[in-house]
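Since the structure comes first, as structure tokens, the remarks are kept for the end.
Just so it is clear, the model here is predicted, and its values are computed rather than measured.
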Amino acid sequence: MPAPVPRQRTLPAAESGQVHAASMNSGPTEGTPEPGTTAPHTAEHPAISTTGSTANGGAPKGGSEGAPCAEADTRTDIDSDTDTANRTGKARTRITPDSAEAAPTAPTNLTLLLIEDDPAGSPIVPTLLDRSGKPIRVRTARNLTEAERLLTDDVHCILLDLALPAPGSRPVNGANGGGGDEGDEGDDELAVLKHVLELAPRHAVLALTASGDAERGAEAVRVGAQDYLFRDELDSRLLSRAIRYAVERKRSDSAERRLAEGRLHARENRRLERGLLPTPLLDGSPLHFAARYRPGRSRALLGGDFYDVVRTPDGTVHAMIGDVCGHGPDEAALGVELRIAWRALTLAGLSGDELLGTLQQVLEHERAHDEIFATLCTVDISPDGREAGLCLAGHPSPLLARPGQPARLLPYDDNGPALGLLPDARWPRTRVDLGTEWSLMLYTDGLIEGRVGDSGERLGQDGMVGMVRRQLTEGLRGEELLRAAVNEVRALNGGELTDDVALLLLDRVPQP
């Protein structure tokens with residue numbers, strides 16, 4: 001997987017602290033360029049040079065936490081190396097690329113931040129290549145203060161020397177962190193690693209430890225590093241490969257964590273939304289109930305459509321279906337509020353115009369802004385199941401099917417305005433004769449607003465009525481009928497419907 005190319009921050013050599021590391025096996029020293037090569041004159045280059053203490057004394061090799069780098073540690077002009085050594089007491093070691101092909105301006109895909117308090121002892125070899133063969137750019141920091149400053153968006157991997165003293169701790173004596181108390185050293189190493197992991201939670205981290213100290217390296221991996229490397233066993237191929245693998249492992253771990261978090265969040269949402277869907281209260285009623293719900297939002301279980309069915313103590317069955325304008329989670333939440341309010345008001349004995357007027361007040365108080373409205377259809381079916389009262393608030397009229405007669409829409413001439421549009425609105429109740437055997441389907445406009453093929457025309461109520469008539473003729477009933485209706489509408493649309501779809505079906509079949 002190719003590495004992303006983030007927005008990069010240009011860092012001059014004096015700020016970045018980038019230096020070049022000497023090869024473990026061979027290479028020119030004392031600031032003399034290798035014969036046949038030309039020293040680079042840029043701030044950043046894939047080759048790495050290092051500086052170290054000399055016999056003449058001068059500045060300490062490591063530098064304490066927060067101490068500024070000596071100028072000799074960051075200069076790249078080879079002509080100034082001798083003057084730098086005279087002023088600072090440090091000599092420069094320089095390794096140049098093997099050929100002029102490794103130009104300073106060669107593009108890089110990966111950037112490594114080396115955090116090490118003794119760059120002169122660094123085992124890093126001069127040429128590090130990424131998977132595509134391009135040089136890996138390297139920056140060097142002597143302490144965590146420098147590391148925090150150099151940790152820009154284009155850094156992909158951090159190579160941390162575990163011998164680096166932890167913030168606020170006493171540096172461990174001895175070369176490369178050796179010679180001190182073993183217990184204190186181990187504590188400091190873990191502390192500095194934890195600090196780096198907190199500083200760079202999204203970056204791959206490689207731990208650098210003493211040769212043969214596999215136990216300490218394994219502990220670093222347990223704490224959070226992607227891998228550990230032995231200081232005295234590195235070469236360019238091993239380190240380049242370790243950097244690439246660490247970056248990929250970090251990306252994989254991050255992707256898996258985000259995926260796991262997303263799955264957990266989705267499961268929680270599904271449990272919540274499933275709990276918000278209604279459970280019909282039809283105990284004691286001879287009517288058969290079926291429902292179908294399909295939200296328009298991707299990977300959601302609940303949209304702005306809502307429905308409910310309850311039976312009051314007098315034996316009347318009340319059914320409702322509605323649609324809040326919009327498709328987001330706010331609209332879904334408002335739909336749940338309206339459904340719960342409708343159930344409470346219905347069980348309290350309200351119906352018709354009085355019920356809808358109270359629901360409009362709930363909508364006006366709960367909506368996010370004044371442009372939000374909701375359509376609604378309510379039906380109250382008499383205890384004997386032979387007649388019903390219908391109220392429409394800007395909603396499509398239900399479909400009634402009876403044996404021996406074609407399915408048809410119920411009257412919608414007295415359709416009132418949608419809830420939330422007009423203050424002091426009225427919603428007349430229309431009486432409807434159902435008969436002894438019937439099927440009543442309530443639906444939202446998501447079922448009729450889908451397209452029909454390439455013509456661009458919408459299915460509409462007439463198309464929906466013709467479709468349901470044919471499906472009833474084919475013998476489809478109950479949930480099977482609703483499933484077939486939704487699937488056919490999706491097929492006619494040429495894919496998923498963009499609007500929420502809710503269907504509710506009540507059947508009355510006389511007992512033999």
Distance-minimising heavy-atom pair for Leu199 and Leu151: O-CD2, 3.9 Å
Side-chain donor or acceptor of His395 paired with backbone N/O of Tyr443 under 3.5 Å: yes
Pairs touching residues 397-422 that satisfy side chain to side chain donor-acceptor pair (under 3.5 Å), sequence neighbours left out: Arg402-Gln405
Flag for Ser351-Arg429: side-chain donor and acceptor within less than 3.5 Å: no
Electrostatic pair Glu488:Arg470 at N-O distance under 4.0 angstrom: yes
Plane angle bin for His318 and Trp342 - parallel if under 30°, tilted between 30 and 60°, otherwise perpendicular: perpendicular
Worked verdict on Val196 versus His203 for side-chain contact (heavy atoms from CB on, under 4.5 Å): CA-CA 10 Å; Val196 169; His203 293 73; over 6 Å; no
Residue that, paired with Arg292, satisfies side-chain contact (heavy atoms from CB on, under 4.5 Å) out of Leu481, Leu447, Leu503, Val501: Leu503
Heavy-atom side-chain contact between Val309 and Pro278 under 4.5 Å: no
Salt-bridge present (Glu219, Arg222; N to O < 4.0 Å): yes
Student check: side-chain heavy atoms of Leu506 and Ser439 closer than 4.5 Å: no
pair Asp283-Arg311: side-chain heavy atoms closer than 4.5 Å: no
Beyond-backbone contact of Arg139 with Val155, side-chain heavy atoms, under 4.5 angstrom: yes
Donor on one side chain, acceptor on other, Glu480 and Gln471, under 3.5 Å: no
Asp462 CG: over 12 foreign heavy atoms closer than 6.0 Å: no
Asp500 side chain to Gly304 backbone, donor-acceptor under 3.5 Å: yes
Least distance between heavy atoms, Arg490 atom then Glu496 atom: NH2-OE2, 2.9 Å
Main-chain N/O of Ala204 paired to His156 side chain as donor or acceptor, under 3.5 Å: no
Main-chain N/O of Leu422 paired to Gln360 side chain as donor or acceptor, under 3.5 Å: yes
Non-hydrogen atoms of Ser285 and Val317 that approach each other most closely: OG-CG2, 3.5 Å
Short side-chain to backbone donor-acceptor contact, Arg508 and Asp384, under 3.5 Å: yes
Ile321 vs Phe306 side-chain heavy atoms within contact, under 4.5 Å: no
Polar contact flag, side-chain donor to acceptor under 3.5 angstrom, Asp305-Thr444: yes
Neighbour count above 12 (heavy atom, 6.0 Å) for Glu215 CD: no
Expected output: side-chain His365 to main-chain Gln361 donor-acceptor under 3.5 Å: yes
Smallest separation among heavy atoms of Gly303 and Tyr293, with atom names: N-OH, 2.9 Å
Working for side-chain hydrogen bond (donor to acceptor under 3.5 Å, both in side chains), residues Thr111 and Arg137: CA-CA 5 Å; Thr111 300; Arg137 183 170 48 195; 3.1 Å; yes
For Tyr228 against Ala214, the heavy-atom pair lying closest together: OH-CB, 3.7 Å
N/O donor-acceptor pair under 3.5 Å between Ser252 side chain and Glu248 backbone: no
side-chain hydrogen bond (donor to acceptor under 3.5 Å, both in side chains) assessment of Thr316 paired with Asp380: CA-CA 7 Å; Thr316 301; Asp380 56 279; over 6 Å; no
Side-chain heavy-atom pair Met441, Leu504 within 4.5 angstrom cut-off: no
Partner set under salt bridge (charged side-chain N to carboxylate O under 4.0 Å, His left out) for Glu364, not counting sequence neighbours: none
Test item: Leu497 and Arg294 side chains (from C-beta on) under 4.5 Å apart, heavy atoms: no
Listed once per pair and sorted, the salt bridge (charged side-chain N to carboxylate O under 4.0 Å, His left out) pairs that draw on residues 415-426, sequence neighbours left out: Asp353-Arg426
Under 3.5 Å donor-acceptor, Glu354 side chain and Leu350 backbone: no
Asp161 (side chain) donor-acceptor with Leu164 (main chain) under 3.5 angstrom: no
